[in-house]
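To start, the structure under review is shown below, and the notes come after it.
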Amino acid sequence: MNLFLNKAIRIIPLRKQVDEHNGTVLDFYRKQPGIEISKIRAQDRLVDATRNIENVNMDNIIPVDINKTGGMPKEVEIFIGAKVMLRSNIDLEKGLVNGSMGNITEVVWPHFRRGQIYETDVPSVRVDFGRGGIHLIEPRTVQFPAKYNYGTIERRMLPMILSWACTVHKMQGCTVDYAVVYLGKALFQDGQADRK
């Protein structure tokens with residue numbers, strides 16, 4: 001993969017296009033020898049239940065939209081070198097805010113383990129944010145409303161997503177060194193790309 005293209009973020013109008021591009025890049029890395037990819041799943045539990053959940057599948061009462069789950073994804077695949085974006089404010093003074101981007105330099109598993117042993121393991125990661133330096137990002141816990149008035153979901157997860165591509169709206173106000181900007185027919189709103 002071309003080094004410039006690997007460094008450059010794709011700025012795309014539609015979430016579907018972003019997901020497709022991130023999936024394509026992830027597939028490329030899956031085929032590379034020596035890349036160990038771990039699929040991290042959020043730890044979800046219902047707290048303050050308002051209804052009987054005995055026969056309820058948790059997946060049916062958790063919102064799919066990441067914007068309704070405190071910015072925390074249901075799952076994320078991580079590896080050393082993966083380009084990621086924070087989805088929550090970690091430390092304002094250090095510039096570790098929602099939208100900050102960097103590359104994973106280390107995966108730190110619980111209890112000094114060298115890899116994922118249990119499917120429920122949620123590691124910490126060290127991320128190189130460029131000029132912002134390398135920082136340890138630990139799992140966070142957020143709460144959000146369950147669907148259908150079932151109560152509150154508590155999710156523990158890494159507060160990040162893969163970010164080889166991002167929507168135009170998410171990039172507002174961000175500064176990046178390298179970018180490939182989509183200027184095609186999928187632009188659906190004034191101001192998504194200024195063609196002057």
Side-chain angles (χ1 to χ4, degrees), residues 1-3 5-10 12 15-46 57-59 62-91 94 96-130 132-144 153-167 170:
M1 184 174 277
N2 180 302
L3 182 59
L5 294 177
N6 189 32
K7 284 185 174 184
I9 187 166
R10 303 307 193 280
I12 305 172
R15 179 83 236 160
K16 180 182 177 199
Q17 292 171 308
V18 168
D19 293 342
E20 287 171 359
H21 182 78
N22 284 334
T24 299
V25 176
L26 187 58
D27 286 342
F28 169 82
Y29 280 108
R30 280 191 184 104
K31 297 173 186 168
Q32 302 308 304
I35 301 283
E36 188 174 324
I37 299 176
S38 298
K39 183 181 282 192
I40 309 303
R41 290 185 177 85
Q43 295 176 350
D44 292 330
R45 68 187 187 105
L46 187 65
N57 180 343
M58 283 284 287
D59 288 336
I62 296 175
V64 176
D65 185 349
I66 192 172
N67 295 315
K68 295 180 179 178
T69 61
M72 301 284 210
K74 177 149 185 73
E75 62 182 36
V76 64
E77 294 185 64
I78 61 170
F79 59 94
I80 294 173
K83 184 176 277 207
V84 294
M85 174 187 286
L86 291 180
R87 283 296 310 218
S88 96
N89 293 332
I90 307 293
D91 188 330
K94 293 179 181 175
L96 302 178
V97 296
N98 185 3
S100 297
M101 291 180 282
N103 293 80
I104 294 176
T105 61
E106 181 183 4
V107 179
V108 183
W109 294 101
H111 310 293
F112 304 103
R113 293 198 295 261
R114 294 181 182 217
Q116 187 172 17
I117 294 178
Y118 304 107
E119 191 175 293
T120 56
D121 283 346
V122 179
S124 299
V125 291
R126 292 193 195 287
V127 178
D128 183 352
F129 290 99
I134 298 174
H135 297 277
L136 181 67
I137 306 299
E138 298 177 309
R140 297 184 68 128
T141 301
V142 296
Q143 292 186 349
F144 51 87
I153 302 290
E154 184 175 87
R155 172 170 285 180
R156 182 174 180 270
M157 182 53 158
L158 285 170
M160 62 182 54
I161 57 171
L162 296 176
S163 69
W164 292 285
C166 194
T167 61
K170 188 69 182 165

(message) Give me the atom names and distance for the closest heavy-atom approach of Ile9 to Ser163.
(response) CD1-O, 3.6 Å

Output side-chain donor-acceptor pairs under 3.5 Å for residues 102-112, partner residues at least two apart or in another chain, one line each.
from, atom 1, to, atom 2, distance (Å)
Asn103, ND2, Gly81, O, 3.2
Thr105, OG1, Arg126, O, 3.3
Glu106, OE1, Arg126, NE, 2.9

(request) With sequence neighbours left out, write down each residue that passes side chain to side chain contact (heavy atoms under 4.5 Å, CB included) with Glu36, or none if nothing qualifies. (result) none

(message) Please enumerate all residues that pass salt bridge (Lys or Arg N to Asp or Glu O under 4.0 Å) together with Lys68, with sequence neighbours excluded.
(response) none

(request) Give a yes or no on whether the backbone of Trp164 and the side-chain of Asn22 come within a donor-acceptor separation of less than 3.5 Å. (result) yes

(message) Run the side-chain hydrogen bond (donor to acceptor under 3.5 Å, both in side chains) test against Asn57 and tell me which residues pass, sequence neighbours left out.
(response) none

(request) State the CG-CG distance between Leu96 and Leu86, to the nearest 0.5 angstrom. (result) 6.0 Å

(request) For Arg41 and Glu75, work out which heavy atoms get closest and say how close. (result) NE-OE1, 3.7 Å

(message) Can you list everything that forms a side chain to side chain contact (heavy atoms under 4.5 Å, CB included) with Val142? Sequence neighbours excluded, please.
(response) Met72, Phe144, Arg155

(message) With rounding to the nearest 0.5 angstrom, report the NE2 to CG distance, His135 to Asp91.
(response) 8.0 Å

(request) With sequence neighbours left out, write down each residue that passes side-chain hydrogen bond (donor to acceptor under 3.5 Å, both in side chains) with Arg140, or none if nothing qualifies. (result) none

(request) Report the residues that fulfil side-chain hydrogen bond (donor to acceptor under 3.5 Å, both in side chains) with Lys94, sequence neighbours left out, ordered by chain and then residue number. (result) none

(message) Test of understanding: with side chain to side chain contact (heavy atoms under 4.5 Å, CB included), list the residues that count as partners of Ile66, not counting sequence neighbours.
(response) Thr69, Pro73, Arg87, Ile161

(request) Please assess Arg113 against Asp121 for the test side-chain contact (heavy atoms from CB on, under 4.5 Å), listing each intermediate value before the final yes or no. (result) CA-CA 10 Å; Arg113 293 198 295 261; Asp121 283 346; 2.6 Å; yes

(request) Only counting residues at least two apart or in another chain, list the ones meeting salt bridge (Lys or Arg N to Asp or Glu O under 4.0 Å) with Asp27. (result) Arg30

(request) Only counting residues at least two apart or in another chain, list the ones meeting salt bridge (Lys or Arg N to Asp or Glu O under 4.0 Å) with Lys31. (result) none

(message) Ignoring hydrogens, what is the shortest heavy-atom contact between Ala165 and Ile12? Give both atom names and the distance.
(response) CB-CD1, 3.9 Å

(request) Find the distance between CG (Asn89) and CG (Asn98) and round it off to the nearest 0.5 Å. (result) 6.0 Å

(request) For Pro159 and Glu138, work out which heavy atoms get closest and say how close. (result) CD-O, 3.6 Å

(message) Show, in sequence, the C-alpha distance, side-chain angles and deciding distance for Ile137 and Phe129, and conclude whether the side-chain contact (heavy atoms from CB on, under 4.5 Å) test is met.
(response) CA-CA 11 Å; Ile137 306 299; Phe129 290 99; 4.1 Å; yes

(message) Show the nearest heavy-atom pair for residues Met85 and Cys166, with the distance to one decimal.
(response) CE-SG, 3.4 Å

(request) Mind checking the CD1-NZ spacing from Ile78 to Lys39? Nearest 0.5 Å is all I need. (result) 13.0 Å

(message) Can you confirm whether Leu26 sits close enough to Ile37 that some side-chain heavy atom of one is under 4.5 Å from a side-chain heavy atom of the other?
(response) yes

(request) Could you pull out all residues at least two apart from Asp19 that satisfy salt bridge (Lys or Arg N to Asp or Glu O under 4.0 Å)? (result) Arg15

(request) Return the set of residues passing side-chain hydrogen bond (donor to acceptor under 3.5 Å, both in side chains) with Glu154 (not counting sequence neighbours), or none when no residue passes. (result) Arg45, Gln143

(request) Kindly compute the distance separating OG1 (Thr141) from CE (Met157), expressed to the nearest 0.5 Å. (result) 12.0 Å

(message) Under the criterion side-chain contact (heavy atoms from CB on, under 4.5 Å), I'd like the reasoning laid out for Tyr29 against Val25: C-alpha separation, chi angles, the key distance, then a yes or no.
(response) CA-CA 6 Å; Tyr29 280 108; Val25 176; 3.6 Å; yes

